[in-house]
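Shown next, in structure tokens, is the structure this report addresses.
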Amino acid sequence: MTDLLDSDATAIAEAVRAGNVSAREVASATLSRIAARAPLNAFTHIAEPRLLAEADAVDRARSAGTSVGPLAGVPFAVKNLFDLKGVTTLAGAKIERDNPPAPADAPLVRRLGAAGATCAGALNMGEYAYDFTGENCHDGASKNPHDLGRMTGGSSGGSGAAVAGGLVPLALGSDTNGSIRVPASFCGIFGLKPTYGRLPRTGTTPFVDSLDHLGPLARSVRDLALSLAAMEGFDAGDPASIEGLAPAGPADAKGLRVARLGGWFSGQGEPVSDAAADAVATALGASDVLDLSGVAAARAAAFIITMVEGAALHMDAIRTRPHDFDPAVRDRLVAGALLPGVHYVTAQRIRRAFQATMRAAFSKFDVLVAPATPMRAPLLGTQTVTLAGEEVLLRPNIGIYTQPISFVGLPVVTCPVPQPDGLPIGVQLIAPAFREDFALSAAATLEAAGVAAAPPVYAGV
């Protein structure tokens, strides 16, 4: 069972469908592993009765000869901003703990369940998703499975820890400015931020409505594709959800035109960051380096939109319960509330201009390669970091490579690039809107070549 738990979701589902192992056995072993690896601090709620009941339902369906789905018996967990029926949705915040339990599962949770997956619970995260470190002041920091003294990245830190630590093969996170891609990079796993609007956000706690995306983190590219296929589809509860989209589907990686992003996306981070991106670009046959215009302005505009929309969402709580916030989150929200409206309007104009820049880039290329983070996972508690020879604040600079991309809603697969000392770093594969298939196909090529890999590791054993 250990070997199976250390594999990916696809392998687990194949074993369950073949009758080589029962879903109940997988669920029981998963619960034992979650308990044994508690120091990762990945979970805020372990749904033991639910997990076992759903596993038993899969086993009964299989015994009856009923289809058990492409994710049969696969345990998964969700960032605790997803609604789980009967569980209070925390969104990483103290304030939300006063709320009643959610009356129903979020649609993406239901869709994974319909595909045969079994829900193991809710995962640690940064407060209200306004975080790049994975350090929650209410629930404690999630821990990096490669080194328990290091950050997971955030805000989907528990999702990164759970997948990289071998607790579950599949987790859901959210990504506003990089909150799937940063944990994927720091924890050495694959992450997918789909195109804005492809996966509905109904049943989740919002952060920045015009930037929020949902997506999976997994140990293999095929798991990203399998879970995306299970979850995609229109939902009227999310105004951003797009009706009538064709499924992402497969693509032929051999014909993809690939370029390495330069300029802003080169030379700002530690050398290992650029080296990983260069290795990925070379492996994909990229011969061009593309220097995009307006990236710095796009990142600045992303900051403004994040602060203003986030502040608007939480103003009542800021007025009535300011001391119940993480001070770092509260102060940024207050700052957003004080920004002049003209700044927000200007930021939206910059967004439209940068969307045009990216459309022009994708008239020539199918996949753009860039570092995911400017550094590998820092030590917990780190406040400053030296980048490009200058000491800067850590938190606002973790997302220098991710923010400009989520700002315009493009699909991205983050691929883990192993390093000799065991501490990984990720690289972004950016594709045109609604062409997740391009990014997934390029990632599969890297995985097959051994350039990208995500072995489960747990430093506490």
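For clarity, every value in this text was computed on a predicted model and none was experimentally measured.
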Test item: [X] side-chain N/O and [Y] main-chain N/O as donor-acceptor pair under 3.5 Å:
| X | Y | result |
| --- | --- | --- |
| Lys79 | Ser159 | no |
| Gln383 | Gly381 | yes |
| Ser241 | Gly237 | no |
| Arg201 | Asp238 | no |
| His146 | Val457 | no |
| Ser179 | Ser155 | yes |
| Arg17 | Val68 | no |

Kindly give the heavy-atom pair with the smallest separation between [X] and [Y], and that separation in Å.
| X | Y | result |
| --- | --- | --- |
| Leu313 | Phe207 | CD2-O, 3.8 Å |
| Ala431 | Phe438 | CB-CB, 4.1 Å |
| Ala377 | Leu423 | O-CD2, 4.1 Å |

With a cut-off of under 6.0 Å to the ring centre and 45° to the axis, is Arg198 in cation-pi contact with Phe434?
->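 No, a cation-pi geometry is absent between Arg198 and Phe434.
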
Test salt bridge (Lys or Arg N to Asp or Glu O under 4.0 Å) applied to [X] - qualifying residues, sequence neighbours left out:
| X | result |
| --- | --- |
| Asp6 | Arg33 |
| Arg24 | Asp56 |
| Asp3 | none |
| Asp235 | none |

Going by side-chain hydrogen bond (donor to acceptor under 3.5 Å, both in side chains), name the residues that satisfy it together with [X], two or more places apart in sequence or in a different chain.
| X | result |
| --- | --- |
| Ser210 | Glu309, Arg351 |
| Asp223 | Thr10, Ser220 |
| Asn397 | none |
| Thr44 | Asn80 |

Close side-chain approach of [X] and [Y], heavy atoms under 4.5 Å:
| X | Y | answer |
| --- | --- | --- |
| Arg50 | Glu54 | yes |
| Ser174 | Ile180 | no |
| Thr88 | Pro100 | no |
| Gln428 | Val369 | no |
| Leu84 | Thr89 | no |
| Leu228 | Glu436 | yes |
| Pro411 | Pro194 | no |
| Phe43 | Asn124 | no |

Does the salt bridge (charged side-chain N to carboxylate O under 4.0 Å, His left out) test come out yes or no for Asp326 and Arg332, once each step is laid out?
-> CA-CA 10 Å; Asp326 178 335; Arg332 280 174 284 169; 5.9 Å; no

Between Glu96 and Tyr128: side-chain donor-acceptor atoms closer than 3.5 Å |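 Looking only at side-chain atoms, Tyr128 and Glu96 do form a donor-acceptor pair, the distance falling under 3.5 Å.
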
Salt-bridged, [X] to [Y], with N to O below 4.0 Å?
| X | Y | result |
| --- | --- | --- |
| Asp175 | Arg181 | yes |
| Asp83 | Arg110 | no |
| Asp131 | Arg395 | yes |
| Asp105 | Arg111 | no |

Roughly how far apart are [X] [atom1] and [Y] [atom2], rounded to 0.5 Å?
| X | Y | atom1 | atom2 | answer |
| --- | --- | --- | --- | --- |
| Leu148 | Ser142 | CG | OG | 11.0 Å |
| Asp212 | Thr205 | CG | OG1 | 10.0 Å |
| Ser185 | Phe190 | OG | CZ | 12.5 Å |
| Leu123 | Thr152 | CG | OG1 | 10.5 Å |
| Leu71 | Met231 | CG | CE | 9.0 Å |
| Thr382 | Glu135 | OG1 | CD | 7.5 Å |

Chi angles and distances behind the salt bridge (charged side-chain N to carboxylate O under 4.0 Å, His left out) call for Asp278, Arg260 = CA-CA 7 Å; Asp278 291 343; Arg260 163 72 155 96; 3.0 Å; yes

Listed partners of Ala443 passing side chain to side chain contact (heavy atoms under 4.5 Å, CB included), at least two apart |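 Listed in chain order: Val221, Val413, Cys415, Leu429.
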
Which residues share a side chain to side chain contact (heavy atoms under 4.5 Å, CB included) with Ala11, sequence neighbours left out = Ser7, Asp8, Arg222

Test log, rule side-chain contact (heavy atoms from CB on, under 4.5 Å), inputs Leu292 and Leu261 | CA-CA 7 Å; Leu292 297 171; Leu261 287 181; 3.8 Å; yes

Report the C-alpha distance between Arg376 and Asp147 in whole Å, list the side-chain angles of each, state the deciding distance to 0.1 Å, and finish with yes or no for salt bridge (charged side-chain N to carboxylate O under 4.0 Å, His left out).
-> CA-CA 11 Å; Arg376 295 188 290 174; Asp147 180 343; over 6 Å; no

Listed pairs under 3.5 Å, donor-acceptor, residues 163-173 side chains, sequence neighbours left out:
none

For Tyr196, all residues meeting ring pair (Phe, Tyr, Trp, His ring centres under 6.0 Å), sequence neighbours excluded |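 By the ring pair (Phe, Tyr, Trp, His ring centres under 6.0 Å) rule, Tyr196 matches His213.
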
For Val258 and Asp366, what are the C-alpha separation, side-chain angles and deciding distance, and is it a side-chain contact (heavy atoms from CB on, under 4.5 Å)?
-> CA-CA 6 Å; Val258 182; Asp366 301 308; over 6 Å; no

